[in-house]
Amino acid sequence: MEYLKEKLCIKFFLFLGLAFVLIHIPILGGYFRIINTVIHESGHAFIALFGGNVESISLFMNGDGVTHGTQSIWIIDFITCAAGYLISSFMAMYRFG
């Protein structure tokens with residue numbers, strides 16, 4: 001069990017360092033930031049569809065984004081707020097896990 005824990009810890013820090021390096025590459029870094037933002041905002045939009053509507057998704061040149069939607073139930077609104085980071089993390093875990 002200790003070997004598995006150590007291996008996962010090394011893998012986590014390796015990917016964290018790789019992500020940090022990738023987003024700071026002068027030309028390609030912007031593309032990686034936008035891809036991450038698309039996945040993040042799509043996570044908000046996907047969960048919002050369970051209890052409301054998605055009005056718009058906006059992506060900005062600096063790597064930021066915003067999803068506008070309406071929810072009919074407050075708990076769906078709460079889950080939608082957390083969904084961006086959760087979906088992004090699950091996508092990374094699925095892809096590299």
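The structure presented is a predicted model; accordingly, all values stated were derived computationally and were not measured.
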Just say parallel, tilted or perpendicular for the rings of F20 and H24, cut-offs at 30° and 60°.
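Judged by the thresholds at 30° and 60°, the geometry between F20 and H24 is tilted.
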
Say whether, by atom type as modelled, one donor and one acceptor occur between the side chain of E41 and the main chain of T67 under 3.5 angstrom.
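Side chain of E41 to backbone of T67: a pair is present.
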
Where the side chain of S72 meets the backbone of G52, is there a donor-acceptor pair that is under 3.5 Å apart?
no

[atom1]-[atom2] distance between [X] and [Y], expressed to the nearest 0.5 angstrom:
X: R33; Y: L28; atom1: CZ; atom2: CG; answer: 10.5 Å
X: N36; Y: I23; atom1: CG; atom2: CD1; answer: 8.5 Å
X: I57; Y: T37; atom1: CD1; atom2: OG1; answer: 12.0 Å
X: L18; Y: F13; atom1: CG; atom2: CZ; answer: 14.5 Å
X: I76; Y: L49; atom1: CD1; atom2: CG; answer: 11.0 Å
X: H44; Y: I79; atom1: NE2; atom2: CD1; answer: 13.5 Å

Any chain of hydrophobic side-chain contacts (each under 4.5 Å) joining I75 to F50?
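Yes.
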
Cluster check M91, I35: I/L/V/M/F/W/Y, side chain < 4.5 angstrom:
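Same hydrophobic cluster.
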
Locate the shortest heavy-atom distance separating [X] from [Y]; write the atom from each residue and the value.
X: A83; Y: G43; answer: CB-O, 3.6 Å
X: E55; Y: T70; answer: OE2-CG2, 2.8 Å
X: F60; Y: I34; answer: O-CD1, 3.5 Å

